[in-house]
Amino acid sequence: MIPTLSYAAAAARAPLAPYRFERREPRDKDVVIEILFCGVCHSDLHTVRDEWGKGSYPIVPGHEIVGRVTRVGKDVKKFKAGDLAGVGCMVDSCRECANCKDDLEQFCMKGATFTYAGKDRHDDTPTQGGYSSQIVVDEAFVLSISDKLDLAAVAPLLCAGITTYSPLKHWKVGKGSKVGVVGLGGLGHMALKLAHAFGATVVQFTTSESKRADALRLGADEVVLSNDEAQMQAHAGTFDFILDTVSAPHDVNAFLQMIKRDGTMVLVGVPDVPPTIPAGSLIFGRKSLAGSLIGGIAETQEMLDFCAEHGIVSDIEKIDIKDINEAYERMLKSDVKYRFVIDMASLNKAA
Ligand code: NAP
Ligand code: ZN
Ligand code: ZN
């Protein structure tokens, strides 16, 4: 077994604190990765505070993982010791169902194995995430990472990047599309950068006037303060596509009104309280409301390669692991520009 240092929540809503546990020895197709950086996703916070009700504690969160391969199992083909590697939100799936065969493992009909708060398919042990010194993952769920980009700033691509890339691609956002991004946080700022890179006209909706200049710098053609009725009305009925990344309960109907006939609004944010949607918000204008969950492994690699080619990374604030609880409080106040990334070298000092 591999002794592992980490930060974990011992119980629902408990602050994260040092926790030691053991990772499995690599199986034949496993890759052992020394974690260098791990992004802090709002899903980590929802999970450890049991807002989605799936907690089985202790939980080590973290699914925006980049690091270096230290060892591989005997049948591993894609990786060798010394390679850079990434792990996102999933570490396994059944690989046999129709969705897995279509490279959509996130929708595995038997349930994908998520990186934390999941159960290993072979030995039923709990999966534990990336706020830790190393992780052991089957090579089929390990991503190749370019050495051209700032490694810490690449980490958030493993969740925030793919979660926004996938719906933008699926709904064919590109030149000629008018796109709205709701919420300028970790997911939102990646949606903004990617939609801009795809050639769309992008309007950033935010509740934070203080983020206006940043939004323009990150690629927005316009910024709309979503609690200003006049600014909102000026865009009513004009969007082809809106991606809602907001983490807290808010009025989804206000954004459905922004969609033009036959347009689509996609929810990726998962507030703990479900939205109320009057049928009229969709009927008038034949609008679609959809959802999207991360992306498959092949598409995640495609996104990482696209970002490497176009020099796209996350805007990050690097933190030490001991400051994680404070980072969560700042995230709740929408005070993150635009992703916290934990420097895992700080774990040795803290654990
Ligand atoms: P984040 O960095 O905290 O960003 C959320 C943003 O939402 C905030 O920065 C803020 O932007 C806006 N916001 C917050 N509270 C609000 C409120 N009460 N009303 C209106 N706007 C508000 O979070 P994140 O990591 O990007 O995650 C966003 C959500 O996506 C979370 O619910 C997370 O669990 C979910 N998620 C889903 C998937 C998926 O596969 N579907 C994957 C990853 C994460 P402004 O300051 O600009 O208003
Ligand atoms: Zn995430
Ligand atoms: Zn499957």
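In this text, all values refer to a predicted model and were calculated from it rather than measured experimentally. Atoms within each ligand, like the ligands themselves, are counted from 1 in listed order. Residue indices begin at 1 and follow the sequence shown. Just the heavy atoms: all of them, side chains too, but no hydrogens, waters or symmetry mates, feed the values below.
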Strictly below 4.0 Å, N to O, side chains only: are [X] and [Y] in salt-bridge contact?
X: K74; Y: D28; answer: yes
X: D120; Y: R27; answer: yes
X: R49; Y: E329; answer: yes
X: K78; Y: D83; answer: no
X: K110; Y: D92; answer: no
X: E34; Y: R71; answer: no
X: R13; Y: E51; answer: no
X: K29; Y: D75; answer: no

Tell me whether the rings of F21 and Y19 are parallel (<30°), tilted (30 to 60°) or perpendicular (>60°).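 F21 and Y19: parallel rings.
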
Using heavy-atom distances, let me know which of [options] sits nearest [atom].
atom: atom 2 (O) of ligand 1; options: S43, G186, C159, P249; result: G186
atom: atom 3 (O) of ligand 1; options: H189, Q204, H42; result: H42
atom: atom 31 (C) of ligand 1; options: H46, H63, K333; result: H46
atom: atom 25 (O) of ligand 1; options: M331, R339, E51; result: R339
atom: atom 11 (O) of ligand 1; options: L184, L267, L225; result: L184

Check: [X] N/O within less than 3.5 Å of ligand 1 N/O:
X: L187; value: yes
X: P271; value: no
X: A248; value: no
X: Y338; value: no
X: I294; value: yes
X: H250; value: no
X: L293; value: no

If the test is side-chain contact (heavy atoms from CB on, under 4.5 Å), which one of T300, L158, V268 qualifies with T163?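 That would be V268.
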
Atom indices of ligand 1 within 4.0 angstrom of [X] heavy atoms, with elements:
X: G183; answer: 11 (O), 47 (O)
X: S292; answer: 39 (C), 40 (O), 41 (N)
X: S208; answer: 45 (P), 46 (O)

Counting only heavy atoms, which portion of Y328 has something under 4.0 Å from ligand 1: side chain, backbone, both, or neither?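 The answer is neither.
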
Within reach of ligand 1, part of T206 (heavy-atom separation under 4.0 Å):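 Near ligand 1, T206 shows its backbone as well as its side chain.
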
What are the protein N/O/S atoms, named by residue and atom, that sit under 2.8 Å from the Zn ion (ligand 2)?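 Sorted hits: C41 SG, H63 NE2, C159 SG.
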
With no hydrogens and no angle check, do the side chains of [X] and [Y] hold a donor and an acceptor under 3.5 Å apart?
X: S132; Y: R23; answer: yes
X: D240; Y: S177; answer: no
X: K178; Y: H235; answer: yes
X: R121; Y: T113; answer: yes

Could you check whether any heavy atom of F340 sits closer than 4.0 Å to an atom of ligand 1, since that is the contact criterion I want to use?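 Checking ligand 1 against F340, which is what was asked, there is no heavy-atom contact under 4.0 Å.
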
A160: heavy atom below 4.0 Å from ligand 1, yes or no?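 In this structure, A160 fails to qualify as a contact of ligand 1 - no heavy atom is under 4.0 Å.
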
Side-chain donor-acceptor distances from residues 303-310 under 3.5 Å, at least two apart:
| from | atom 1 | to | atom 2 | distance (Å) |
| --- | --- | --- | --- | --- |
| D305 | OD1 | Q301 | NE2 | 3.1 |
| H310 | ND1 | F306 | O | 2.9 |

Could you tell me whether the side chain of Y338 reaches within less than 4.5 Å of the side chain of S314, counting heavy atoms only?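 Not in contact.
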
Picking from R217, R212, K211, what satisfies salt bridge (Lys or Arg N to Asp or Glu O under 4.0 Å) with D214?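 That would be R217.
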
Pull up every protein N/O/S atom sitting under 2.8 Å from the Zn ion (ligand 3), skipping waters.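 Within the sphere that stays under 2.8 Å of the Zn ion (ligand 3), the protein atoms of type N, O or S are C94 SG, C97 SG, C100 SG, C108 SG.
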
To the nearest 0.5 Å, tell me how far S226 OG sits from H250 NE2.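 If we round to the nearest 0.5 Å, S226:OG and H250:NE2 are 8.5 Å apart.
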
Linked hydrophobic residues, I259 as query - side chain contacts closer than 4.5 Å: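 Besides I259, the hydrophobic cluster comprises V182, V203, F205, V224, M232, F239, I242, V246, V252, F255, L256, M258, M265, L267, I277, L282, L289, listed by chain and residue number.
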
